[in-house]
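Everything below concerns the one structure shown next.
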Amino acid sequence: MDADALIADLDADQRDAVTSESHLVAVIAGAGSGKTRVLTRRIAHRIAIGTAQPQHTLALTFTREAAGELRRRLTRLGLRDRVEAGTFHSVMLGILKQRWEDTDQRPRTVVPDRRRVVGDALDAGQRRGIEGFVAEIDWAAARGIRADAYGQLARRAQRRPTAGVERCAEVFIAYEALKRRRGIIDFDDVLALVARDLERDEQFAETVRWRFRHLLVDEAQDLNPLQHRLVDLLRRGRDDLFLVGDPAQAIYAFNGADPSLLIDVETRFPGVEIIRLPVNHRCTPQIVRAGLHVLTTSDQPADLASNRGDGPAVEHIVGADEEAEAAHVAGHIARVDANLVRGGEVAVLARTNAQLVTFEQAIKKHGIPVRRSATAAGSPLHAAVRQVAALGSPSQLRAWAHDTLEAVDALHAVRAERADALQRATDRETARADRAVDELEAERRVAAAVLDYLRDQARGDGAGFRSWVAMTNPFDEPGDGGVELLTFHAAKGREWHTVYVTGVETSLVPHKSATTAATRAEEARLLYVATTRATDRLVLARAQRRKGYARAISPFIADLDVTEPEPRPPPAALRRRTRANDTLLTALRDWRDQAARRAGVLPRQLCSDRDLAAIARHRPKTTEELADTTSFGTIMADRLGEQILPLVAAESGDAPDAQSMSTMTGA
C-alpha cells in the first residue's frame, strides 16, 4: 500500500486523524464527516508505514454489517493480511471459546432468547409481567451488575419497575441459577466472562493484549458500561487506542449506551489527542442546518458544516390524519425521479414500526415497490424468521434451508411453464399466485441467511438464529431497489438521496415515553440522526390528528424554516444533468443485461441498481474511482472497468486518457 495515496483524497481534518503520530486518539466525527473512511484509512496507513501489524490489529464495532464493510474497504485499499474486525460479541465469543479449550473447560451454549429462559425461571401463573423482568435484567447486564447486587444498585439508580425492585431481584437470581443448572450463558455473559477473566488472570490478559496490540473502536458513543470496562482492560499498559464516534448520535440509552466515554474523553484518557471532523461531505447545507436546528432546540449545539453546494429547501408535508399523511407522502414519492426509486435511493423513516404499515399500503397503491425490515411484524420474512427460530439443531436448520431453496426453484419453474395461463387469470387468482411467490421468496432469503448463520456458528460467531438476525440484519439488500421503510433507529449508519422523515409531531417526536430531560435530549439526537440520512432532499411529514387525537408540530422543528413542496420545474442545468444521467443509466442497464446473459447470471447479481445509479451520478474515470464509487471492490472493478469506463467516457463526451486506459487494461 502507498501511504501517500491513502491520504491523498482526505480533507485536512481527516488527514490529521489518519496520520496522527499519537497512538491514543479520539475522533469526534459529525454526521457525514467520513467516520468509516477515517477508521479504515487509519488502519491501512499505520500498517503501510510500519507502526502497526495487521495480525495484531482489532477493530470493534456494533453490527456484523458494519464489520463486513470495514473488511471490504480494507481489501479495496490493498490490504491483503487479515485484520480482526467484528462485533464486541463475536470477537469476545471467539476469545472465550479459545479460553475454554486452552483451560479444558466444558463449553457452554449461548442461549438465543433471554426472554424464554426468564419465562422458564418463573412459575406458569407469574409470566404476565415477563417483559418488565427482562428489561431489568437487560439494564443490569449492560452495566455488568450481578444478580446479588441488582437490588441495591437499582434503588440507587431510582429504577421503578412495575413488579418492584425486590421482585425483579428475585427473578434475576432465579434466572442466573437456572442458567447455571443448564450450563448455558446469554450474550451479555460472553462480555462479562471475558472481562472477569481479564481482571483475574494476568497471564490470560497479557496474552490477549499481546494478540490485540492496536485497538480501534467504532461508534464509541454507543458503548455501554460493560463495553467501556472491556475497552479499558484491553488497552491497559499500551494505550494504543483509536476511538471514533459522535456524542450527537448517541441514541441507544435503552440498551445501556453511555456516551460519556467521548464526552469526558480527556478525563478518561489523560494525554489523548482529540481530533474533530466538522465537515459534512454527505448532506446539502439545507439538510445540515435542519439537523443542527434540532440539536439546538434541545441545548445540544454541534459544530458541523456542509462542504456541498446548495440543494433544495427542506420540505414540509401536513396531512389531516395519519392516512392523509401517508397518502401525501406516497403521492410525493410518485413524482420523484423513478431512477432514484429503482436505485434504492428513497427512504421513509418513522419513529415506530407501527407507523410504517400505513405508508407501505399507501405507496403500493401507486405501484411503487417497497422494502421493509425482515423483522417487521406481518411481513412474510417475519413469519419465516419465526418459523425457523423454532427449529432446534443445526441439522434441522440445514435441512429446512435446502428443502426451501429446492421448493423456490420448483415454483419458479412451474410459473415459467404457466406464464400464459397466469396472464389470462383473474386479478384475484393472480394476486393469490403472487402472494405464494412472495412467501416462498421470503423463505428463500431466510434459507440463505440460515446457511450464512451456520457458517458463522462454525467460526464461533453465532448464537440463536433469531438473535443472530436481530444483531446482523442479514436481509438488508440495498441493491434491490424500491422505497425503503424503516425506523429512525434502524436508519442509523445509512444514507439515501431522498428521505421522508414522518410523524414529526407531539407524542411521537419526542416520543410520549420521553418524560425526563435526558430522554427528551436523546429524542432530539434521534431526529438529528434521521434528518441527516438524506444526502440531497429532505421532506418532513406529520399529521394534524392521529388516532383521533389532535397533534401539534414537534417542538424540535417548530421554528425550522421549511417550505411546502412547489410544483416548479428544476433549473435548466439540473434538467440537462438529469437527462444526461438518465441516458448513461440506460446505457449501463443495457450493458448489464447483455453481460449478465453472457455470464449466465441475473443482472442484479452482476451489478446492483444502486451501483449503476452511483456510476451514472459520479462518472468514474479510472478503476480506482470505480471501486470507490461502487461496492465492487478492487478485483471486480478491474474486471468490469474495461466494459464500464468506455461507456461512461462516451456518454460524458470524454476520451479516456492514457493513464485511465492503462488502468482499465491492466497495462
Side-chain angles (χ1 to χ4, degrees), residues 286-287 289-298 312-336 346-366 368 370 372 376-378 483-491 496 498-515 519-534 537-568:
Q286 287 77 5
I287 294 169
R289 285 197 293 269
L292 293 178
H293 175 88
V294 169
L295 292 177
T296 302
T297 60
S298 60
V314 176
E315 301 172 42
H316 192 189
I317 292 175
V318 182
D321 57 19
E322 60 266 40
E323 300 286 344
E325 177 199 24
H328 288 330
V329 167
H332 199 275
I333 293 172
R335 298 190 295 274
V336 168
V346 179
V348 174
L349 310 183
R351 177 63 180 82
T352 68
N353 258 311
Q355 294 167 254
L356 294 173
V357 176
T358 306
F359 287 101
E360 181 175 11
Q361 295 168 347
I363 295 169
K364 282 183 174 178
K365 285 181 181 178
H366 287 268
I368 300 171
V370 300
R372 288 195 62 189
V483 177
E484 195 154 8
L485 308 180
L486 62 173
T487 64
F488 293 175
H489 282 100
W496 298 265
T498 300
V499 172
Y500 296 82
V501 177
T502 65
V504 284
E505 62 203 44
T506 52
S507 292
L508 277 176
V509 181
H511 194 270
K512 60 186 177 182
S513 63
T515 57
T519 53
R520 286 177 64 85
E522 179 163 311
E523 288 289 310
R525 296 194 297 270
L526 185 55
L527 182 58
Y528 168 70
V529 167
T531 56
T532 53
R533 299 310 93 195
R537 191 176 188 184
L538 173 63
V539 182
L540 304 174
R542 66 183 178 92
Q544 293 174 318
R545 299 183 69 82
R546 189 173 297 272
K547 296 183 178 178
Y549 292 95
R551 299 289 176 88
I553 188 170
S554 168
F556 297 146
I557 63 163
D559 298 324
L560 179 65
D561 182 19
V562 296
T563 181
E564 301 293 339
E566 297 181 10
R568 206 168 42 189

Any pair counted as side-chain hydrogen bond (donor to acceptor under 3.5 Å, both in side chains), so long as it reaches residues 499-509, sequence neighbours left out: His332-Tyr500, Glu505-Arg546, Glu505-Arg551
Over all atoms of both residues, closest heavy-atom pair of [X] and [Y]:
| X | Y | result |
| --- | --- | --- |
| Ala350 | Leu356 | CB-CD2, 3.7 Å |
| Val294 | Thr297 | O-OG1, 2.6 Å |
| Tyr528 | Gly291 | CD1-O, 3.3 Å |
| His366 | Ala334 | ND1-CB, 3.7 Å |
| Asp321 | Ala324 | OD1-N, 2.8 Å |
| Ala530 | Val499 | O-CG1, 4.2 Å |

Does any non-hydrogen side-chain atom of [Y] lie less than 4.5 Å from one of [X]?
| X | Y | value |
| --- | --- | --- |
| Pro555 | Ser298 | no |
| Val348 | Ile363 | yes |
| Gln355 | Leu508 | yes |
| Ile317 | Glu325 | no |

Test side chain to side chain contact (heavy atoms under 4.5 Å, CB included) applied to Phe488 and Arg533, step by step: CA-CA 9 Å; Phe488 293 175; Arg533 299 310 93 195; over 6 Å; no
State which residues pass salt bridge (charged side-chain N to carboxylate O under 4.0 Å, His left out) with [X]; sequence neighbours excluded, sorted by chain then number.
| X | answer |
| --- | --- |
| Arg525 | Glu522 |
| Glu360 | Lys364, Arg372 |
| Arg351 | Glu523 |

Step-by-step side chain to side chain contact (heavy atoms under 4.5 Å, CB included) determination, Val314 to Ile557: CA-CA 11 Å; Val314 176; Ile557 63 163; over 6 Å; no
Spatial distance of atom CD1 (Ile333) from atom CD1 (Ile368) [nearest 0.5 Å]: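 Atom-to-atom, Ile333:CD1 and Ile368:CD1 are 6.0 Å apart.
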Atom pair CD1 (Ile553) and CG (Leu540), whose distance is rounded to the nearest 0.5 Å: 8.0 Å
CA sep, side-chain torsions, deciding dist, call: Leu486, Leu349, side chain to side chain contact (heavy atoms under 4.5 Å, CB included): CA-CA 5 Å; Leu486 62 173; Leu349 310 183; 3.5 Å; yes
Side chain to side chain contact (heavy atoms under 4.5 Å, CB included) evaluation trace for Thr358 with Glu323: CA-CA 7 Å; Thr358 306; Glu323 300 286 344; 3.7 Å; yes
Flag for Thr487-His489: side-chain donor and acceptor within less than 3.5 Å: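 No, no side-chain donor-acceptor contact under 3.5 Å.
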Any donor-acceptor pair under 3.5 Å from Glu322 side chain to Ala543 backbone: no
Heavy-atom donor-acceptor pair, Ser554 side chain to Val509 backbone, under 3.5 Å: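 Side chain of Ser554 to backbone of Val509, a donor-acceptor pair under 3.5 Å: yes, one is there.
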Partners meeting side-chain contact (heavy atoms from CB on, under 4.5 Å) with Arg545 (sequence neighbours left out): Ala550
Which residues share a side chain to side chain donor-acceptor pair (under 3.5 Å) with His328, sequence neighbours left out: none
